[in-house]
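Have a look at the structure below before the remarks.
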Amino acid sequence: MSMTTPAGWYPDPSVPGTERWWDGTVWTAHTRPMGSSGRGKGRLVALVTAGVVFVAAVATGVVLLGKDDEADKAPPPVSVSAPQSSPSSPSSPGSPPATAESALLTDQLNGISMPIPEGWVKSDSSLDDGATMVTDGTYDCPGGGSSLCRRGRVSSLTATGTDVTSPVALAKLDIATAADKAYLEDALGARVYGGITSHSVVKSQAVAVAGRAGYLVRWRVITGAGPGGYVQSLAFPSTVGTEALVVVRFAFDAGPQGPGLAEMDRIVASIRPIGDATSGGVGSSIGPGQG
């Protein structure tokens with residue numbers, strides 16, 4: 001027997017059909033027929049097979065034994081540690097919820113939020129307009145210089161500087177500004193894409209956003225350097241306060257390294273009121289159309 005084997009009745013290795021008392025350090029003189037009932041509570045049972053002892057795990061409690069003529073007190077209780085939860089276990093109390101706030105781009109002023117797609121991050125730049133998310137990672141801008149560019153950018157802001165009152169008028173008015181801010185000049189006035197040489201209308205259509213009637217206009221922009229890109233202005237009434245018009249601007253690089261227009265459509269469909277766990281609502285998907 002091992003010196004770490006707890007006290008208890010075990011098959012006598014020298015007398016078949018007999019159990020002998022092990023006091024935790026040595027065999028005692030106490031024996032009994034195999035399978036007899038003992039006087040203790042919560043006994044540990046072991047099997048000796050081919051000389052290898054498998055000891056059952058003790059869950060809780062203390063083994064109590066009667067006195068015998070070779071020991072004047074019961075053996076010390078066996079301490080059993082509670083199983084520890086794995087730090088990565090989904091049920092661990094310390095695990096963050098699947099819908100953590102960090103996974104949402106939230107525009108508190110206008111009462112809307114949208115999930116941040118994989119490969120995107122919240123922007124921490126003070127030069128961005130409104131609540132903004134960008135594709136993770138930068139590249140050298142094609143227009144030269146030391147500037148760094150992003151493949152994709154989405155910004156949500158309150159429409160200002162205009163007296164238009166309809167989403168249709170706002171989207172059609174804002175698209176030129178969205179294109180200039182994305183591909184004509186950066187916030188410091190540098191033409192990091194070599195300027196805009198031309199554009200064409202890709203979409204101009206009504207769409208439901210966060211349960212509200214909205215409108216979007218999408219352009220394909222050709223630049224003096226690089227692959228150009230796609231810009232989109234999406235306008236709709238805010239879900240809070242005076243329901244002022246909100247404009248969400250999109251700027252995606254064209255070409256295989258850009259986010260792709262399917263991603264643009266998914267983001268539009270995912271916009272929802274803050275606290276609403278559903279998607280953008282019935283009719284929020286983008287269909288073909290041009291006006």
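Only a predicted model underlies this, so the values are computations on that prediction, with no experimental measurement involved.
Taking 4.5 Å as the limit, every side-chain heavy atom of Asn110 sits out of range of all side-chain heavy atoms of Glu243. Residues Val268 and Phe250 form a side-chain contact, since some pair of their non-hydrogen atoms from C-beta on lies under 4.5 Å apart. A 4.5 Å side-chain heavy-atom check between Thr5 and Tyr10 finds at least one atom pair inside the cut-off. The shortest side-chain heavy-atom distance between Asp136 and Glu118 does not fall under the 4.5 Å cut-off. Inter-residue side-chain proximity for Gln257 and Asp253 is flagged as unmet; no heavy-atom pair is nearer than 4.5 Å. In this structure, the side chains of Val154 and Met114 come closer than 4.5 Å at one or more pairs of heavy atoms. Two residues are said to be in side-chain contact when any heavy atoms from C-beta on lie closer than 4.5 Å; Gln108 and Ile274 meet this criterion. Side-chain atoms of Lys122 and Ile116, non-hydrogen and from C-beta on, do get closer than 4.5 Å to each other.
Checking Tyr215 against Ser204 by side-chain atom types alone, a donor-acceptor pair falls below 3.5 Å. A donor-acceptor pair shorter than 3.5 Å cannot be found between the side chains of Asp12 and Thr18. Donor-acceptor pairing under 3.5 Å is recorded for the side chains of Thr132 and Ser155.
The salt bridge (Lys or Arg N to Asp or Glu O under 4.0 Å) search around Asp186 returns none, not counting sequence neighbours. When the salt bridge (Lys or Arg N to Asp or Glu O under 4.0 Å) test is applied to Arg153, the partners found at least two apart in sequence or on another chain are Asp128. Every residue meeting the side chain to side chain contact (heavy atoms under 4.5 Å, CB included) condition with Arg220, not counting sequence neighbours, appears here in chain and number order: Ser200, Val202, Ile222, Tyr230, Ala254. Take Asp129 and apply the salt bridge (Lys or Arg N to Asp or Glu O under 4.0 Å) test, not counting sequence neighbours, and it matches Lys181, Arg249. Partners of Arg191 by side-chain hydrogen bond (donor to acceptor under 3.5 Å, both in side chains), not counting sequence neighbours: none found.
Tracing side-chain contacts under 4.5 Å through hydrophobic residues (I, L, V, M, F, W, Y), one reaches Leu261 starting from Met133; they form part of the same cluster. Each of Val246 and Leu170 belongs to its own hydrophobic cluster when Ile, Leu, Val, Met, Phe, Trp and Tyr are linked at side-chain heavy-atom distances under 4.5 angstrom. The hydrophobic clustering, which links ILVMFWY residues whose side-chain heavy atoms are closer than 4.5 Å, places Val121 and Val248 apart. Val231 and Ile196 fall within a single hydrophobic cluster, where Ile, Leu, Val, Met, Phe, Trp and Tyr are joined by side-chain heavy atoms under 4.5 Å apart, directly or via other members. Cluster membership check: Ile271 does not share its hydrophobic cluster with Val134, using side-chain heavy-atom separations under 4.5 Å among Ile, Leu, Val, Met, Phe, Trp and Tyr.
Checking side-chain atoms of Thr239 against main-chain N and O of Gly111 turns up a donor-acceptor pair under 3.5 Å. Using modelled atom types, one side-chain atom of Arg150 and one backbone atom of Thr135 make a donor-acceptor pair closer than 3.5 Å. Side chain of Lys203 to backbone of Gln232: no donor-acceptor contact under 3.5 angstrom is found. With Ser113 contributing its side chain and Thr106 its backbone, the two residues share no donor-acceptor pair below 3.5 Å. No donor-acceptor pair under 3.5 Å is formed between the side chain of Tyr183 and the backbone N or O of Val221.
The shortest non-hydrogen separation linking Ala235 to Ala171 is CB-N, 3.9 Å.
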Mind running ring-ring contact (aromatic ring centres under 6.0 Å, His included) on Trp219 and Phe252 for me, showing each step along the way?
CA-CA 11 Å; Trp219 282 5; Phe252 284 20; over 10 Å; no
side-chain contact (heavy atoms from CB on, under 4.5 Å) evaluation trace for Asp140 with Leu148:
CA-CA 5 Å; Asp140 293 332; Leu148 297 175; 3.3 Å; yes
Using side-chain contact (heavy atoms from CB on, under 4.5 Å), reason through Ile112 and Arg272 one step at a time and then give a plain yes or no.
CA-CA 6 Å; Ile112 60 170; Arg272 60 185 183 272; over 6 Å; no
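Sorted by first and then second residue, the ring pair (Phe, Tyr, Trp, His ring centres under 6.0 Å) pairs involving residues 126-173 (not counting sequence neighbours) form an empty list.
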